[in-house]
Peer 1: 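Just dropping this structure here.
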Amino acid sequence: MAKRAGTGDLKSGNILVPTRACDDRSVVTPYFICGPTASGKSAIALEMAEKLDGEIVNADAFQLYRGLEIVSAAPSALELARCPHHLYGILDPTESTDAQLYVNLAEPVITEIQARGKTPIITGGSGLYLKFLTHGAAPLPTADAVLRAKMDSQTLEELVLQLIELDPVEASRTALQNRRFVSRALEICILSDQKASDLRDGWEAKTAAISSNLRGIVIQRTRPDLHSRIALRTKTMLDEGAMEEVAALVDVSTNCEKAIGFREIRALLKGEIDRPTCEELINAATRQYAKRQETWFRRETWLTPQVA
RNA sequence: GGCCCGAUAGCUCAGUCGGUAGAGCAGUGGAUUGAAAAUUCACGUGUCGGCGGUUCAAAUCCGUCUCGGGCCA
């Protein structure tokens, strides 16, 4: 395992690449394949796996789930057979997950692949998960379900006032209209009994140098191309069992039920909407998601754009 | 053929007493460190169906034509 010097208490994001200092050639640098949904990451990942003698590691928040294969557009059995795949269908739909949990799952898998002398091909579109994996997590307390439930019952204004009182600096940096961001900042203050602004402060500087040692691509397509691929995929999903899949998912975590298509297909199953409406709702949600992903990956300048 | 209703942003529609128009959705751009397929911010010029007319001024009133939808023949 290569440990980067000078990253201090960074828990992760520093074990994946050889350090420049020792230039450890025995560690195989992972290869990242990113891009918006429906851009064709899986196909390229398979190609790369064959070219680089690699194994594929999932970086998609919803393909982690078992029983959500069709809706989450996970690799098919045929694709899975072409090379070793990791972290697909490993969570129960009743479970929740988060970025740190993902890293905890992914890091051992990646180092193990490296230990076998194979190339980890990390592919997926969950920007935050990838960011945690590549750049590590700030030393912050983990989410607390009880506290979150309590905060969910408060108005945004109440939360904002509390944050301003506990940590005015963090409040000034936070988008105060964004309930998620406000409650997370507040949660950090309450759980750690420290200021979120202090805890987050040094972190960004520490991660600044990491990008230069990462390698990977971000797949780019024109919007019309991407939109037509999305429409085709939605149609295929619905034609090939997405309704049965959702019907079978009775007990799901609130996390899991946020999968695009889940609510829409449930409404279709209940007869609240018709098939064309369902398809269009899924398409629109997917297009919007793809746009957000493009915005996210645009900032990951270490990724080499690859026009598909 | 006669009568009635409608025609306004890509879509669905609002628009008061005449003062040249604005919502939702879609779309575009941004943010983003433990819910992220989440959450959130910003962005609205369009022959107001066409042509005439009245008026200082027409999406708005009048006439007429076109296209929908309905009712009566």
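In what follows, every chain begins at residue 1, and chains take the letters A, B, ... in the order their sequences are listed. Here the structure is a predicted model, which is why all the values come from computation and not from measurement.
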Peer 1: Hey, does A:R173 have a side-chain heavy atom less than 4.5 Å from the side chain of A:S197?
Peer 2: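 Yes, side chains in contact.
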Peer 1: Please work out if A:T97 contacts a base, only the sugar-phosphate, or nothing of the nucleic acid, heavy-atom cut-off 4.0 Å.
Peer 2: sugar-phosphate
Peer 1: Counting only side-chain nitrogens and oxygens, does A:T142 get under 4.0 Å of the OP1 or OP2 atom of B:G34?
Peer 2: no
Peer 1: Specify the residue among A:G261 and A:R223 whose closest nucleotide of RNA chain B lies further upstream toward the 5′ end.
Peer 2: A:R223
Peer 1: Are A:S126 and B:A37 close enough that a side-chain N or O sits under 4.0 Å from OP1 or OP2?
Peer 2: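 Answer yes for this pair, as a side-chain N or O of A:S126 is under 4.0 Å from OP1 or OP2.
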Peer 1: Could you tell me which nucleotide pairs with B:G29 by Watson-Crick or G-U wobble geometry, both distances under 3.5 Å, or answer none if nothing does?
Peer 2: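 With both distances under 3.5 Å, B:G29 matches B:C41.
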Peer 1: If we ignore angles and hydrogens, is there a donor and acceptor under 3.5 Å between the side chains of A:T286 and A:R233?
Peer 2: no
Peer 1: Rounding to an integer number of angstrom, what distance separates B:C62 and B:G24 when you compare their C1' atoms?
Peer 2: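 Per the computed distance, 34 Å lies between those C1' atoms.
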Peer 1: Measure CZ/A:F297 against P/B:G30 and give the value in whole Å, please.
Peer 2: 14 Å
Peer 1: Using a strict threshold of under 4.0 Å (side-chain N to carboxylate O), is an ion pair present between A:R66 and A:E95?
Peer 2: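 Salt bridge absent between A:E95 and A:R66.
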Peer 1: Would you say the base of B:G27 and the side-chain of A:K291 have a donor-acceptor pair closer than 3.5 Å?
Peer 2: no
Peer 1: Can you tell me which nucleotide in B:A31, B:G34, B:A35 comes closest to the side chain of A:S183?
Peer 2: B:A35
Peer 1: Without hydrogens or angle criteria, can the side chains of A:N283 and A:T234 be said to hold a donor-acceptor pair below 3.5 Å?
Peer 2: yes
Peer 1: Would you indicate, yes or no, if B:U40 has its OP1 or OP2 atom less than 4.0 angstrom from a side-chain nitrogen or oxygen of A:R184?
Peer 2: no
Peer 1: Where does the angle between the aromatic ring planes of A:Y102 and A:Y129 fall among parallel (under 30°), tilted (30 to 60°) and perpendicular (over 60°)?
Peer 2: parallel
Peer 1: Using the C1' atoms only, state how far B:U20 lies from B:G46, rounded to an integer number of Å.
Peer 2: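 It comes out at 12 Å once rounded to the nearest Å.
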Peer 1: Identify, between A:T295 and A:N283, the residue whose nearest nucleotide on RNA chain B lies closer to the 5' end.
Peer 2: A:N283
Peer 1: Does B:A36 pair with anything, Watson-Crick or G-U wobble, both distances under 3.5 Å, and if so, with which nucleotide?
Peer 2: none
Peer 1: Only pairs with both distances under 3.5 Å count, Watson-Crick or wobble alike; so what is the partner of B:A23 in this structure?
Peer 2: B:U12
Peer 1: What contact category does A:A61 fall into here, base, sugar-phosphate, or nothing, at under 4.0 angstrom with non-hydrogen atoms?
Peer 2: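 Touches sugar-phosphate only.
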Peer 1: If you restrict it to nitrogen or oxygen atoms, what contacts under 3.5 Å exist between nucleotides 23-26 of chain B and the protein, and what is each distance?
Peer 2:
residue : atom : partner : partner atom : Å
B:A26   : OP1  : A:Q288  : NE2          : 3.1
B:A26   : O3'  : A:R287  : NH1          : 3.1

Peer 1: State the pairing partner of B:U55; accept Watson-Crick or G-U wobble contacts with both distances under 3.5 Å, and report none otherwise.
Peer 2: none
Peer 1: Measuring from the side chain of A:A137 (C-beta onward, heavy atoms only), which nucleotide among B:G34, B:A37, B:U40 has the closest atom?
Peer 2: B:G34
Peer 1: Which nucleotide in the set B:G27, B:A38, B:U40 lies at the smallest distance from any side-chain heavy atom of A:I260?
Peer 2: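 So the side chain of A:I260 is nearest to B:A38.
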Peer 1: Would you measure the distance from the C1' atom in B:C48 across to the matching atom in B:G22 and give it in whole Å?
Peer 2: 12 Å
Peer 1: If anything within 90° of 0 is syn and all else is anti, what is B:G24?
Peer 2: anti
Peer 1: Just N and O in the side chain of A:R148: are any of them under 4.0 Å from OP1 or OP2 of B:A35?
Peer 2: yes
Peer 1: Strictly below 4.0 Å, N to O, side chains only: are A:R266 and A:E272 in salt-bridge contact?
Peer 2: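 A:E272 and A:R266: not salt-bridged.
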Peer 1: Taking C-beta and beyond as the side chain, do A:H135 and A:W302 meet within less than 4.5 Å on heavy atoms?
Peer 2: yes
Peer 1: Verify whether one side chain among A:E55 and A:H86 offers a donor that lies under 3.5 Å from an acceptor in the other.
Peer 2: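 Side chains of A:E55 and A:H86: pair found under 3.5 Å.
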Peer 1: Between B:A35, B:G34, B:G30, which one does the side chain of A:F132 approach most closely?
Peer 2: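 The nucleotide sitting nearest to the side chain is B:G34.
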Peer 1: Just N and O in the side chain of A:R179: are any of them under 4.0 Å from OP1 or OP2 of B:U40?
Peer 2: no
Peer 1: Regarding A:T277 and A:D274, do their side chains bring together a donor and an acceptor under 3.5 Å, going by distance alone?
Peer 2: yes
Peer 1: Of all the choices, B:A36, B:A37, B:U40, which nucleotide is nearest to the side chain of A:W296 once you look at every atom?
Peer 2: B:A36
Peer 1: Where the side chain of A:Q177 is defined as all heavy atoms beyond and including C-beta, which of B:U40, B:G34, B:G29 is the nearest nucleotide?
Peer 2: B:U40
Peer 1: Is the distance from OP1 or OP2 of B:A37 to the nearest side-chain N or O of A:N255 less than 4.0 Å?
Peer 2: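 Checking A:N255 against B:A37: no side-chain N or O falls below 4.0 Å of OP1 or OP2.
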Peer 1: In whole angstrom, give me the gap between the P atoms of B:U60 and B:G52.
Peer 2: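 The same atom, P, in both gives a distance of 14 Å.
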Peer 1: Tell me the interatomic distance from A:M151, atom CE, to B:U39, atom P, rounded to whole angstroms.
Peer 2: 16 Å
Peer 1: From the set B:G34, B:A35, B:U28, return the single nucleotide nearest to any side-chain atom of A:A99.
Peer 2: B:G34
Peer 1: Quick one: CZ on A:R229 to OG on A:S39, what's the gap to the nearest 0.5 Å?
Peer 2: 7.0 Å
Peer 1: Classify the side chain of A:D60 versus the base of B:A37 as yes if they form a donor-acceptor pair under 3.5 Å and no if they do not.
Peer 2: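 Counting by modelled atom types and ignoring angles, a donor-acceptor contact under 3.5 Å is found here.
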Peer 1: Reckon A:Y129 has a side-chain N or O less than 4.0 Å from the OP1 or OP2 of B:A36?
Peer 2: yes
Peer 1: Which nucleotide, in any strand shown, forms a Watson-Crick or G-U wobble pair with B:G6, with both distances under 3.5 Å?
Peer 2: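 Result: B:C67.
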Peer 1: With a 4.0 Å cutoff (strictly under), does any side-chain N or O of A:R292 reach OP1 or OP2 of B:U28?
Peer 2: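 For A:R292, the contact criterion (side-chain N or O under 4.0 Å from OP1 or OP2 of B:U28) is not met.
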